[in-house]
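Notes follow the structure.
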Amino acid sequence: MRRLVFCGLMFAVFAGAADLSGTWQNETQGRGSQPNITTCVFKVEGSKITGTYATAQRAFTIETGTVDGSAFSFQTSDGFQTPPRIAEYKGTLNGDQFELTTVMPAGAPARGGRGPQGPRVFKRISADVVFHPSPELTRTHQEFPPFQPIAPNGYAKTPPMGWNSWNKFAGRVDDKSVREMADAIVSSGMRDAGYIYVNIDDTWEGPRDKDGNITTNEKFPNMKALADYVHSKGLKIGIYSGPGRKTCAGFEGSYGHEQQDANTWAAWGFDYLKYDWCSATAVYRPDEMKSAYEKMAVALRNTGRPIIYSLCQYGWLNVGEWGAGAGGNLWRTTGDINDSWRSMSSIGFDQQVSREVFAGPGHWNDPDMLEIGNGGMTTTEYRTHMSLWSILAAPLLAGHDARTMPDFTRDILLNTEVIAIDQDPAGVQGTRVRKDGPDGQTLEVWKKPLAKGVAVGLFNRGPENAPMTVKWSEVGVTSANPKVRDLWAHRDVTNAPAEYTVNVPSHGVVMLRVE
Ligand code: GLA
């Protein structure tokens, strides 16, 4: 990364403003063996700064930069966010170094961002105003032709169900744990309840061989044998990659090898691909994202093997509007979930609203994988997680250690009455009908129209147990005296001809099927 390569963007040193004009670097210890280097290239004209702010993966053009004596500030804009995310920086120059503080006034920090940062010390590395990006920033691909949507592949008529290694195992997933998980998914009854896909997430990848074929690392000695094993259990198997040079965990990505990788995965016997954007930002512009995803969709189809295609780009650039057209069966709608009430409830309740128009058989919004059974939430909260994801017609990808599953976890993941709501053949994503109370602590009524009847979720996000009432008319049930079933109590509700009042625990749910 220290070896700098000239990219053709060059400014003359500007006489009279030489102090801040030039190339500056900040270096901090990275997580791996490489340092994290951030480069600022400034050209100052009068009080105006132009130039570039670049990390190892991304270069941003400086907008509205100004300098006043030793104090200066500038903004950059991230076009992968909708609306573009503005980052603001303030600095103080002191001889051959400056201190820079990051201010992020608008919205949440970018995916992977750490929020406001600073101050960081940048040292002058050259008086020249020359931008040298790192080798990772160079592009070798051809320009894409104008984007044309492709027809659906016909798979995933109901939201995909299964298990994924990331939430529990992250980089520790290996051949043995995947085999054991497949065994446990069968013996626990998960398979028979519909959890079919056993998906290996990031960190399986090895280097490319001399012909450019992707290999596995030492954790996965024989992928074909592993896929055969998982298939022998009546399950399907999934794999992970991304359109960039590197995956999110820094392993080999599929950039420039899309068809070759699709062929390899098909030959190994994979049935599902999660394709994660991450470093693709370094090689594609925002307007190329759709085509970069479609390229892999086409490659998968060229293999002739039925492969579910899962887009993972954190909901950027209104993916719901084009995810299906790019060949996706599902697409993430947000940044990563973590095993906490705060993360789950924010993603599930607040960040899915109005996305329902994009979901339907074959193409689903993905609010991220389940955390049920991982220990960071209460049983009541995990029940809410399962209920909300089912009302949202979300993919149900368990993310726990299925080998050691206590009954209270099994009772949630294996509630077949709730799973039936998620898997309802009408394939309609549910919506919020009403919310009352202060932000983040609301009492919320949700509904999901079903092929027959309506699913109703009464959710209490507040700190105290609370009575909640739902009128059947407000959830679209017109029949008098409908049949009402409580899907967690597993009992029919009687004496509720027009409405129902019930106590809902703090952070809990009462979920009903009304026909
Ligand atoms: C991203 C994805 C996660 C997971 C990791 C793996 O953060 O959003 O779901 O796949 O990458 O590195």
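Order of appearance sets the numbers: ligands from 1, and atoms from 1 within every ligand. Here, residue 1 is the first one in the sequence, and each next residue gets the next number.
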Could you tell me which atoms of ligand 1, counted from 1 in the order shown, lie closer than 4.0 angstrom to a heavy atom of [X]?
X	result
Lys274	3 (C), 4 (C), 9 (O), 10 (O)
Tyr240	6 (C), 10 (O), 11 (O), 12 (O)
Ala249	12 (O)

At a non-hydrogen distance cut-off of under 4.0 Å, which region of Cys312 contacts ligand 1 (side chain, backbone, both, or neither)? side chain

Using a 4.0 Å heavy-atom cut-off, which part of Asp276 comes near ligand 1: side chain, backbone, both, or neither?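 Contact part for Asp276 vs ligand 1: side chain (C-beta onward).
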
In this structure, are over 12 heavy atoms from other groups packed under 6.0 Å from Asp439 atom CG? no

Tell me whether Arg342 at atom CZ has more than 12 heavy atoms from other residues, nucleotides or ligands lying less than 6.0 Å away. no

Heavy atom to atom 10 (O) of ligand 1, shortest distance: which of Asp368, Leu397, Asp201, Thr334 holds it?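 It is Asp201 whose heavy atom sits nearest to atom 10 (O) of ligand 1.
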
Nearest non-hydrogen atom to atom 3 (C) of ligand 1 belongs to which of Asn164, Asp336, Asp202? Asp336

Lys/Arg N to Asp/Glu carboxylate O, Asp183 vs Arg179, below 4.0 Å: no

Holding to side-chain hydrogen bond (donor to acceptor under 3.5 Å, both in side chains), I want the full list of residues that pass it with Asn164, two or more places apart in sequence or in another chain.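 side-chain hydrogen bond (donor to acceptor under 3.5 Å, both in side chains) list for Asn164, sorted by chain: Asp201.
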
Report the residue from Tyr255, Tyr293, Trp331 that forms a ring-ring contact (aromatic ring centres under 6.0 Å, His included) with Trp277. Tyr293

Any nitrogen or oxygen of Trp166, side chain or backbone, less than 3.5 Å from one on ligand 1?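 N/O-N/O distance below 3.5 Å does not exist for this pair.
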
Looking only at atom types and distance, does a side-chain atom of Asp368 sit under 3.5 Å from a main-chain N or O of Ile337, one as donor and one as acceptor? yes

Check against salt bridge (Lys or Arg N to Asp or Glu O under 4.0 Å), Lys290 and Glu294: CA-CA 6 Å; Lys290 299 178 199 183; Glu294 188 177 50; over 6 Å; no

Please determine whether any non-hydrogen atom of Thr247 lies less than 4.0 Å from an atom of ligand 1.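 Outside the 4.0 Å threshold, so no.
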
